[in-house]
Amino acid sequence: MINSICTGVFEQGLWRVVLFNLAESGAAAKIKISLTEDKDVCVIIFPISAMKYALAVVALGLAVHFSQPEVVNDFHNCKGFFYRGTKPKGIATGQHVRICQRLQNQYHYATLFDPKSKIPVYSAYKLETGSKGERTWHYEPQVFLAAELQVELRVTGSGDEIKHQAREEDYKTTIQYNKGHLNPFSHNVDNTSTATCTYTNVVPQLIHFNKAIWGQHEVRLSEDLLNKCKDPSTRHVVVGVVQSNTHIGEKHDVNVPMAFWSAYCCSYQNKTGFLSGAFWANHYDNASVHGISLQTLHRRIDPKKIIQIFINDCNSNEQDEGYMTDPSLLSNVLQLIESCVQWVWSIWLN
């Protein structure tokens, strides 16, 4: 067994790089980089004689990896749409893009989007009632650009900006499906309702299912929460889908969900407690919407993962500080790259 010697530990914010040298300088270089959403631990094992080259590889690898859209996007600017500022746990993956849906210089709700399948994974919002805005459809440039650039929804799009999201032409290829909102137009007011009309907030939905099944569920959910949860600032709703192997579109690359789900958490009546629950419906014309517990919903979304839509399942006053405090990922990444390059450069010169 070859012994290794720790030659340096570099830390910046949530990110950590640990460097090891092999005691035997003639051994082959080995580099292992382990990546997670919450913490990045890069363990590099390489010969002493190759230290400078290995450090250069580390710096280059970090720069390339952290330039990808899924890494720099974050919910920092719209975490208020999540219950107690905490995003759902266990659902997001590295390929997903986190979007703060922005229109008229204001954030309206949050969406976790899958550019590979060209549909949203979920949208999180606060249910409101009142006058509605216009049903003008928009493209979301944040699928291509970093969310921290604070770009807004656009009526038109071209090139790379719309390459990873569905277009109107994709929905015109089918008479069986239409655009089904995750964050419903009817659950919002003014510009926020208009902001729901974006291709990053809709999925292909069976026409009958959209109007007669899921659409009626949206009406009943709105009536129930408006009646039982008087404080609009606490009416948190998350609506999502489970993907299938079916696709539509000009390139047959827009995923059709196999199931829809929704979850809610709000302050009951005069803040005497919290009300929560969930719903599930398989995606076919004669389906029914079933009320289920949050725990059951978590298992149905993915039984292999530990999922939690609302922190402490919406019924505890204990704060999970480790999950609540979620600093801007972009800021940490940029600081890491800058500092890591300076660190590598200083070692190289020595």
Side-chain angles (χ1 to χ4, degrees), residues 14-15 32-43 65 68-71 73-75 79 82-99 110-124 143 164 180 182-183 200-201 203-205 209 214 217 236-247 253-265 276-284 287-316 318 320 322-324 326 329:
L14 293 176
W15 311 93
K32 180 181 179 182
I33 300 179
S34 179
L35 303 169
T36 66
E37 180 183 356
D38 297 319
K39 194 177 181 88
D40 204 6
V41 180
C42 306
V43 180
H65 176 77
Q68 299 303 311
E70 66 267 19
V71 178
N73 280 283
D74 197 273
F75 287 130
K79 63 182 181 180
F82 298 105
Y83 171 60
R84 286 170 56 182
T86 306
K87 59 192 175 185
K89 183 178 181 180
I91 297 181
T93 68
Q95 74 179 23
H96 293 153
V97 177
R98 297 148 184 82
I99 300 173
T111 298
L112 182 69
F113 186 79
D114 185 352
K116 182 178 180 180
S117 299
K118 295 188 175 182
I119 63 170
V121 179
Y122 66 70
S123 284
V143 175
H164 298 296
L182 294 196
N183 179 4
T200 54
N201 180 53
V203 299
Q205 198 170 54
F209 182 94
W214 197 251
H217 157 67
H236 293 279
V237 183
V238 183
V239 181
V241 297
V242 177
Q243 295 184 16
S244 72
N245 294 322
T246 304
H247 297 78
D253 57 356
V254 182
N255 193 272
V256 178
M258 62 180 293
F260 287 75
W261 57 266
S262 66
Y264 64 90
C265 171
S276 65
F279 296 90
W280 180 277
N282 293 319
H283 189 202
Y284 56 88
S288 299
V289 180
H290 300 280
I292 58 177
S293 67
L294 288 172
Q295 293 78 12
T296 300
L297 174 62
H298 299 159
R299 292 191 295 270
R300 287 193 180 184
I301 292 175
D302 193 333
K304 297 179 181 179
K305 294 182 179 180
I306 299 176
I307 293 175
Q308 189 175 59
I309 304 298
F310 303 115
I311 185 173
N312 296 321
D313 287 341
C314 184
N315 60 7
S316 173
E318 295 181 8
D320 184 355
Y323 201 69
M324 291 281 288
D326 185 14
L329 195 58

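- Listed by first then second residue, pairs satisfying salt bridge (charged side-chain N to carboxylate O under 4.0 Å, His left out) with a partner in residues 112-121 read Lys118-Asp253, not counting sequence neighbours.
- Taking Tyr122 as the reference, nothing meets the ring-ring contact (aromatic ring centres under 6.0 Å, His included) condition, with sequence neighbours excluded.
- The shortest side-chain heavy-atom distance between Ile301 and Ile309 falls under the 4.5 Å cut-off.
- Between Arg98 and Leu112, the closest side-chain pair of non-hydrogen atoms falls below 4.5 Å.
- For the ring-ring contact (aromatic ring centres under 6.0 Å, His included) test, no residue two or more places apart in sequence or in another chain qualifies with His298.
- In this view, Arg299 and Thr296 satisfy the side chain to side chain donor-acceptor pair (under 3.5 Å) rule, not counting sequence neighbours.
- Between Thr111 and Phe75, the shortest heavy-atom contact is O-CE2, 3.4 Å.
- The side chain to side chain donor-acceptor pair (under 3.5 Å) search around Trp280 returns Asn282, not counting sequence neighbours.
- In this view, His217 and Trp214, Phe279 satisfy the ring-ring contact (aromatic ring centres under 6.0 Å, His included) rule, not counting sequence neighbours.
- Residues satisfying the side chain to side chain contact (heavy atoms under 4.5 Å, CB included) criterion with Ser244, sequence neighbours excluded, are Thr246, Asn255, Val256, Met258.
- The side chain to side chain contact (heavy atoms under 4.5 Å, CB included) test with Val239 singles out one residue from Ser123, Ser262, Pro120, and that residue is Ser262.
- Contact of the Val203 side chain with the His283 side chain is not registered, since no non-hydrogen atoms from C-beta on lie closer than 4.5 Å.
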